Protein chains: 2
Amino acid sequence: MNLKNQVEWALHCCAVLSNLPEGRYLSARSLSEFHGVPKEYLGKALQGLSKAGIVHTTLGPSGGYRLALPAGEITFLNVVEAVEGRKSTFQCSEIRANNPCRPGDFCDDKPCAIARVMWKADEAWRQTLAAVSLADLQQTLQQDLPAEILRRSTEWLLDRAG
Amino acid sequence: MNLKNQVEWALHCCAVLSNLPEGRYLSARSLSEFHGVPKEYLGKALQGLSKAGIVHTTLGPSGGYRLALPAGEITFLNVVEAVEGRKSTFQCSEIRANNPCRPGDFCDDKPCAIARVMWKADEAWRQTLAAVSLADLQQTLQQDLPAEILRRSTEWLLDRAG
DNA sequence: CAATCATGGACATGCCATATCCGGATCGGG
DNA sequence: CCCGATCCGGATATGGCATGTCCATGATTG
């Protein structure tokens with residue numbers, strides 16, 4: 001029961017893109033270099049963000065990625081679901097139907113009681129992620145990191161943004 | 001990002017064991033037959049419950065499993081963690097350390113801001129599961145299921161309980 | 001026209017969930 | 001006191017999926 005590596009990468013990429021000036025683009029190559037992860041595989045995660053409408057892309061030289069919405073309107077949940085999918089962590093295989101004491105034609109009117117609890121927990125998980133936006137993350141990072149590193153990182157980005 | 005099949009099986013087994021009279025035991029063979037799942041593999045999940053102290057076991061003929069605590073003192077979280085483990089769903093690989101703008105000797109004083117959000121979501125998930133006990137589940141099932149099926153299931157169990 | 005980029009498909013690899021099987025230890029009933 | 005049933009743990013297969021690489025294609029910029 002692990003989230004994919006790509007979820008972590010996508011979130012870090014979004015954090016970087018949040019600091020990009022309006023209208024500028026950053027390539028997958030630069031993003032992979034900045035985070036020290038394989039470029040080709042990171043591209044798969046970024047494609048997921050693109051399909052979900054979280055980022056906008058441009059082709060050709062000086063092309064790449066930028067956020068498609070203001071950072072305050074993109075939540076952790078949006079990013080996580082774009083990469084990981086929207087399936088619940090709990091898959092109900094309806095084993096209650098295997099109960100030998102059931103009439104063969106019996107039809108349940110509610111989902112399994114166990115599944116309902118597990119799905120409620122998933123919902124709590126999603127609500128927590130939906131409550132935090134990329135703007136919140138940006139603010140947290142500015143408090144956590146020394147100004148010197150922030151300054152040099154921004155410089156590094158602007159140097160490569162098309 | 002899926003929970004194991006065994007989690008579902010373990011929860012259903014616990015629901016059955018909740019209806020067992022004090023001091024009686026039910027074998028892995030009966031539990032697997034009742035749920036229509038492979039006996040050998042279900043045994044692995046039950047071993048997890050045993051190690052976690054959730055169920056008590058007895059060897060020999062008429063042996064098997066019973067709850068080790070009152071149903072009101074066993075939570076969904078206990079069962080899930082016994083089978084699935086206690087690791088967080090999000091593994092932070094510290095890719096922030098790969099940032100080329102960081103001094104090589106820089107040491108973070110806090111966990112990664114992204115990981116903190118993801119871990120908070122996991123915590124909300126666990127809290128939801130910790131809030132529901134097997135006694136709660138038992139009560140829900142008695143409301144959901146027709147009395148006839150409940151009666152026949154209980155009869156089926158008592159017929160096989162040692 | 002040449003270089004750079006995103007996209008998507010094909011392919012390889014390794015790990016883990018999903019089983020299955022067997023031997024040993026333990027216990028109940030005849 | 002023996003026989004069979006049971007839990008337990010280890011060894012072993014197998015399939016799917018996460019991880020990662022490579023390449024062809026089309027689009028865009030300079």
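Given the structure is predicted, the values throughout are model-derived calculations rather than measurements. In what follows, chains are A, B, ... by sequence order, proteins preceding strands, each numbered from 1.
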Whole angstrom value for the distance that separates [atom2] of [N] from [atom1] of [X]:
{"X": "Met1(B)", "N": "dG16(D)", "atom1": "CE", "atom2": "C1'", "result": "18 Å"}
{"X": "Glu84(B)", "N": "dT18(C)", "atom1": "CD", "atom2": "P", "result": "9 Å"}
{"X": "Gln6(A)", "N": "dT21(D)", "atom1": "CD", "atom2": "P", "result": "12 Å"}
{"X": "Gln91(A)", "N": "dA17(C)", "atom1": "CD", "atom2": "P", "result": "15 Å"}
{"X": "His35(B)", "N": "dT18(C)", "atom1": "NE2", "atom2": "P", "result": "17 Å"}
{"X": "Arg160(B)", "N": "dA5(D)", "atom1": "CZ", "atom2": "C1'", "result": "16 Å"}
{"X": "Leu59(B)", "N": "dC27(C)", "atom1": "CG", "atom2": "C1'", "result": "6 Å"}
{"X": "His56(A)", "N": "dA27(D)", "atom1": "NE2", "atom2": "C1'", "result": "13 Å"}

Legend entry - From CZ (Arg160(A)) to CG (Leu26(A)), nearest 0.5 Å: 9.0 Å

Inset, instruction - Ignoring hydrogens and angles, tell me if any N or O in the side chain of Gln138(A) forms a donor-acceptor pair with the backbone of Ser18(A) under 3.5 Å. - result: yes

Legend entry - Donor-acceptor under 3.5 Å (Arg102(B) side chain, Arg96(B) main chain): yes

Legend entry - Nearest-nucleotide 5' precedence on DNA chain D, Leu3(A) against Ser62(A): Leu3(A)

Inset, instruction - Find which nucleotide of DNA chain D each of Pro61(A) and Trp9(A) is nearest to by heavy atoms, and output the residue with the more 5' nucleotide. - result: Trp9(A)

If only side-chain N and O atoms of [X] are considered, is one of them under 4.0 Å from the OP1 or OP2 phosphate oxygen of [N]?
{"X": "Tyr25(B)", "N": "dC27(C)", "result": "no"}
{"X": "Arg29(A)", "N": "dC5(C)", "result": "yes"}
{"X": "Gln47(B)", "N": "dG9(D)", "result": "yes"}
{"X": "Ser50(B)", "N": "dC8(D)", "result": "yes"}
{"X": "Tyr41(A)", "N": "dG8(C)", "result": "no"}

Legend entry - Tyr65(A)-Thr57(A) side chain donor-acceptor pair, cut-off 3.5 Å: no

Inset, instruction - Select base, sugar-phosphate, or nothing to describe what Gly64(B) touches, counting heavy atoms under 4.0 Å on all strands. - result: sugar-phosphate

Inset, instruction - Would you classify Asn5(A) as touching base, sugar-phosphate or nothing, given that sugar-phosphate means primed atoms plus P, OP1 and OP2, and contacts are heavy atoms under 4.0 Å? - result: sugar-phosphate

Inset, instruction - Answer yes or no: are there more than 12 heavy-atom neighbours, outside Gln139(B) itself, under 6.0 Å from its atom CD? - result: no

Legend entry - Arg29(A) CZ: over 12 foreign heavy atoms closer than 6.0 Å: no

Inset, instruction - Return yes if the base of dG9(D) and the side-chain atoms of Lys51(B) contain a donor-acceptor N/O pair under 3.5 Å, otherwise no. - result: no

Nearest listed nucleotide, side chain of [X], among [options]:
{"X": "Thr57(B)", "options": "dG20(D), dT28(D), dC8(D)", "result": "dC8(D)"}
{"X": "Glu40(A)", "options": "dT21(D), dT20(C), dC5(C)", "result": "dT21(D)"}
{"X": "Lys44(A)", "options": "dA10(C), dA6(C), dC8(D)", "result": "dA10(C)"}

